[in-house]
Amino acid sequence: MSTMVAKVIVDNRSSKTDKPYTYAIKKDMEEDLKQGMRVLVPFGRGNRYIKGLVIKIEKYNGNISKLKYIKDLLDDKPIISEKMLELSLWMKENYLSSYLDSLYAVMPPGDFKKINTYIYINDKQSFNMEQISPKEKNIISILNDKKKVSFSELKKEVKDNNIRKHIKKLEEKGIILTSLEIETKIHKKYEKYITLKNDNMKLEEILSKIDNRAFKQQEVIKFLYEAGETSLKKLLKETNTSNSVVKSLEKKGEIKIIEKEVLRSPIPNGISQYKKHKLTDKQEYCLNEILDTIRNEEGNKFLIHGVTGSGKTEIYLQLIENLIKSGKQAIVLVPEISLTPQTVERFVGRFGQKVAVLHSRLSYGERFDEWRRIKEGKVNIVVGARSAVFAPFNNLGLIIIDEEHENSYKSSMNPKYNAIEVAEKRCELEGASLVLGTATPSLETYYRAKSGEIKLLTLSDRINNKKLPTMNIVDMREELNSGNRSILSVDLYDAIEENLKNNKQTILFLNRRGYSTFISCRKCGYVAKCENCDISLTYHFSENKLKCHYCGMVTSPPRICPECGSKYIKYFGSGTQKIEEIVKKLFPYSRIARMDVDTTSRKGSHARILKSMKNGDIDILIGTQMITKGLDFPLVTLVGIIAADTSLNLPDFRSSEKTFQLLTQVGGRAGRGDFEGQVIVQTYSPEHFSIQMAKEHDYIQFYNKEILLRKEFEYPPFMDIITIVMYGRDRNKVSKVSKKIYSKILEKLKEINKGELAKNIFGPNPAPLEKLKNNYRWQIIIKSDKENLKMLKNVVSRVCIYNSQNKEYKDIKFSIDVNPNSIL
DNA sequence: AGCACGCCGACT
DNA sequence: GTCGGCGTGCTC
């Protein structure tokens, strides 16, 4: 007779234990246990209890007496649905991540709550002190003091490696008892609210009870009389008082303090309604095509290729509106950096309380609350960054991915998933539809659209027939030849001046923050580099510090060269800080703001800059990446791109694509209002096709050229890429291990008669950024066609994951990435 | 990872 | 005999 058993993934951070364990199920538990539930299981020789997640319940034909039993259920219903579980397991296979990492992605944020063993004295048992060793006596005395102590607490106090031995002995003697307690408390947030106690009394009557000198107290009473129940925070702010005033009023019994649970919501208050726009014919056509195709079951994947300003957002909004009418739910993914209040306002403004927002700046509590709202069906639309693709809806109808080409949709942490692929898989599992939108599709997506796998919808005009901005290219080499050594070309300078005269706004884009990008000694050629990363340090003017943009290390700039002692230290290269300074000098009467990581690190500062930009309080906005997406300022008519070559010269196969996208996206910020826009692109390689095609606003031609290169050099979408990065403190060791791994991969391939694939395995070589955060990094790059991908993944996981505990690989870590963003 | 087990040497 | 340190190997 076969019995039912559960496959459990245990919450144990080790690659050795990252596999399903089989546990027997007690009869009385059989009915309640479902996959997706958390359980408590005995694990290891000591049978200590650890948490795990049931991923499968199945028949078992082996000898059940060899199995251990599940100790306890931690949930009354599954915390993740069957489909999300399946999605998670699919990720594990696809991205070569661990079970646990993949599960964590779909589980509620910060899950697997603490489980503690508590130890206390068994006072029903009398015992003879003489039979007890001093160590044991020590434990008993601690327990006598505290009644009940958690194991971890006791361990801290006793500081003894063999504490388990002693506890075990004491337990055997019956002197102590242990129990397990699970902390299930969800941390809810409470806020204090204040009301008047005697709210039916007249104001004068209450005031008369308070001393005339207690001016502040009277003010508080007056405020409460007018406003009624008010949160403590607001009350203190509005009346400009301190907590002591409120406290003394409470003592007198004039006011009541109530604690109310607040659902932390990241959505700001007071968002005004975002009115429905009438669609243009093109938009209408696009919307109907999607709806009809879905309705007729002719397809469920779409790409809206619409130029900047063609009104994609309004199509999304009306799609969602259409869909939620039928009781379905929708997820909208936007890139992290364009998750600005502007974007949020549009969705919240249209759909109100039915929207949840998820992004990385949420606190743990906020995130948990949003997750719960989604799970409990309190909302039906989620707007969020990458990880929102896992929003726990159970009647999902639509996933929209805006700015589909953005590289932030690829996770750099385990599981290293691509949200577009995950969304596709999720749609497949749940019968939902996928809509991708962008002005500059990724090569991969457009290739699939052309092959008919994804339905392509093109919007080639801006709404209201607004013109796309004219793109002027300035050859900085000529500029130099004609004697202009400034970072601003004459054309750009003139254009800014003209724009200021006309009271229009200007955006200047430079993808480098800081002041100087490197500092160097003119005598001996020394360059200041980060000691952890082997990367030149950026000088930040305002703090007078050198910073490493990779690991965050900060030092003071040297006055004399640390190599040769000369005083001739010079600062080279320009970042946004320097541009700001130069522009301030050149246009002293203009209002200038800078937006990059350094000016927006504080909560709310981002929104503040955008607001003053919108209000027209800024003439020139200088910024990095951050200003490229989704911003919609009608008064911006000029965009200056200070250095178009930065991204072009990176040793990466996507550099052309990235450059084209950047120019098109940044340029697209110009001329969105009633005035025509102009873009000035400064470059040292004006003849490069990605710059030329961006100038012509010709994505198709860019695509046609780039796709040929991808085919010729065997890059995606024609080949998949797996990178294995091996890293550690000791350069020799890293090099040695990576060579070993390489030969092991070849060995495995030969074993299965696939030796000829060796030509597609490159390396091991030092990664282009060889040293980061004190780790040396070597990499192996594997290219694979569709047929061999699964097999190659298998080989990689055998060699790198299954054997990673191997003693030879001690101190070396592996990072495996399937189709990474870049191969730096 | 985290833990038990076993071996060894020091100390009583 | 007891205690603590350390290396090894396993976890349904």
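Below, all heavy atoms of this structure are taken into account, side chains as well, without hydrogens, waters or symmetry copies.
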Detail all sub-3.5 Å separations between protein N/O atoms and N/O atoms belonging to nucleotides 10-12 of chain C.
residue, atom, partner, partner atom, Å
dT11(C), O3', Gly44(A), N, 3.2
dC12(C), OP1, Tyr23(A), OH, 3.0
dC12(C), OP2, Lys68(A), NZ, 2.1
dC12(C), O3', Thr22(A), O, 2.7
dC12(C), O3', Lys68(A), N, 2.9
dC12(C), O2, Thr22(A), N, 2.7
dC12(C), O2, Thr22(A), OG1, 3.1

Salt bridge between Glu370(A) and Arg367(A), side-chain N to carboxylate O under 4.0 Å?
-> no

Round to a whole Å and report the spacing from CG of Asp18(A) to C1' of dG2(B).
-> 16 Å

Residues Lys416(A) and Asn414(A): side-chain donor-acceptor under 3.5 angstrom | yes

Just list the side-chain donor-acceptor pairs under 3.5 Å for residues 761-771 of chain A, sequence neighbours left out, or say none.
residue, atom, partner, partner atom, Å
Glu770(A), OE2, Arg731(A), NE, 2.7
Glu770(A), OE2, Arg731(A), NH2, 3.1
Glu770(A), OE2, Trp778(A), NE1, 3.3
Lys771(A), NZ, Glu531(A), O, 2.7

Cationic N near anionic O, under 4.0 Å, Asp817(A) to Lys410(A) = yes

Got a sec, which pairs hit salt bridge (Lys or Arg N to Asp or Glu O under 4.0 Å) with one end in residues 54-67 of chain A, sequence neighbours left out?
-> Lys7(A)-Glu58(A), Lys56(A)-Glu58(A)

